[in-house]
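To find a chain, count down the sequence lines: A is the first, B the second, and so on, and within it residues start at 1.
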Amino acid sequence: MTTLTKLSLSTTLILSSFLMSGCATGGAGMVGASSNVKYGDAKAAETVTADFGSSDLQSTAETLTQSLLETRYISKAQQPPKVRLRTVNNLTYEHIDTKAITDKIRIKLLKSGQVRFLADTANLNQVSAERDLTTTATTKTKMKAMTDSDYIITGNVRSIKKANDDVKDVYYNVSLELVDPQSGEILWADEKEIRKVTSKSSVGW
Amino acid sequence: MLNTKKTLLSITVGSFMLLGMSGCAGKNQEHYIGKERVILKEHKSFQEGKFLKVAATFENEDNTEVEGMVYQVEWIDSRGIVVDQTAWKPFTIIGKQQIRVVDMANRPDVTDYRIIISTPNK
């Protein structure tokens, strides 16, 4: 066998192995394209079950952020107030990550540029430890700046469930409050209501 | 004669500016996916502090059919770039019902919007 023939044979083998592996994994930049896993729209309305889902999380965060931005304590503030997120209690019968709700609101508010946020109390020890590493002497004034918030945000998530043989009705109520920690005064409160109905018949969509 | 032309020109330019400022809803601000079984009856925008607010009315023109729909608002900046969008919000509209919604952008750089209405295939 000549060198040229050997070369062309090995090239064909390499090329065909590449092509075969390409068929198994999909196109360029894709792995496992023939599997059942597909990427969907992260903001799509999800109605797989009546449980608190991603659409509820997104719409709750949007509604309450809009309402918060309209309050005069934020929209008319001389400079963006410092806010700290506190616990939002889950008073429902199911597991709901309430921090996901407040984190999403925090992201939206920070993007608006109208509010500044202080680290959560749960993370305060870590922030404090980092400061101790970087500063030789922590003055009381600096600590005050880190701990003093203008407002705190707290809230509750509640649900009412009712069901008969044909219909299951779930009502969610997410309420948030903006509180002045010095006076304890509730300056703003709003709620987001969600109703979900699961029907065993073919009515609906 | 020259003065009259100038006056006419300024009136025309002024009228166009007024039209632009009044937040008239353009056809390119609405987009339908699927059949238009639920229509966007009207929509308008106004400034709420630093943020753009949009008020829209959806209507199910049919007498009897219950329609499911979702809508989304795309927030567009002065360069025409989509900088944010709302989640798809679902509604069920019974026959002849109108639903009014209000959405506000969370970013101060938003100057325009587009409402997308999607109705599922039956």
- Message: Counting heavy-atom pairs under 4.5 Å with chain B, which one of G113(A), S112(A), A42(A), S55(A) comes out on top?
- Response: S112(A)
- Task: Let me know if E46(A) has heavy atoms under 4.5 Å from chain B in its side chain, its backbone, both or neither.
- Result: neither
- If contact means a heavy atom pair closer than 4.5 Å, which residues of residues 46-53 of chain B contact chain A? E48(B), K50(B), F51(B), K53(B)
- Message: What residues of residues 170-198 of chain A make heavy-atom contacts with chain B at a cutoff under 4.5 angstrom?
- Response: none
- Task: Kindly compute the distance separating CD1 (I105(A)) from CG (N106(B)), expressed to the nearest 0.5 Å.
- Result: 10.5 Å
- Task: Could you check which of V66(B), D84(B), T86(B), V102(B) has the highest count of heavy-atom pairs closer than 4.5 Å to chain A?
- Result: T86(B)
- Residue-level contacts of residues 56-65 of chain A with chain B, using a heavy-atom cutoff under 4.5 Å: Q58(A), E62(A), T65(A)
- Task: Determine the minimum heavy-atom distance between E70(A) and M104(B), stating which atoms define it.
- Result: OE2-SD, 3.6 Å
- For residues Q66(A) and D103(B), report the shortest heavy-atom separation together with the two atoms involved. NE2-OD1, 3.7 Å
- For residues K108(A) and R107(B), determine if any side-chain heavy atom of one lies less than 4.5 Å from a side-chain heavy atom of the other. no
- Query: Crowded around K99(A) NZ? As in, over 12 foreign heavy atoms under 6.0 Å?
  - Reply: yes
- Task: Give a yes or no on this: more than 12 heavy atoms of other residues, nucleotides or ligands lie within 6.0 Å of atom NZ of K35(B).
- Result: no
- Note on the structure: When the 4.5 angstrom heavy-atom criterion is applied to Q85(B) and chain A, the contacting part is both
- Residue list, side-chain hydrogen bond (donor to acceptor under 3.5 Å, both in side chains) with N89(A), at least two apart or on another chain: N156(A)
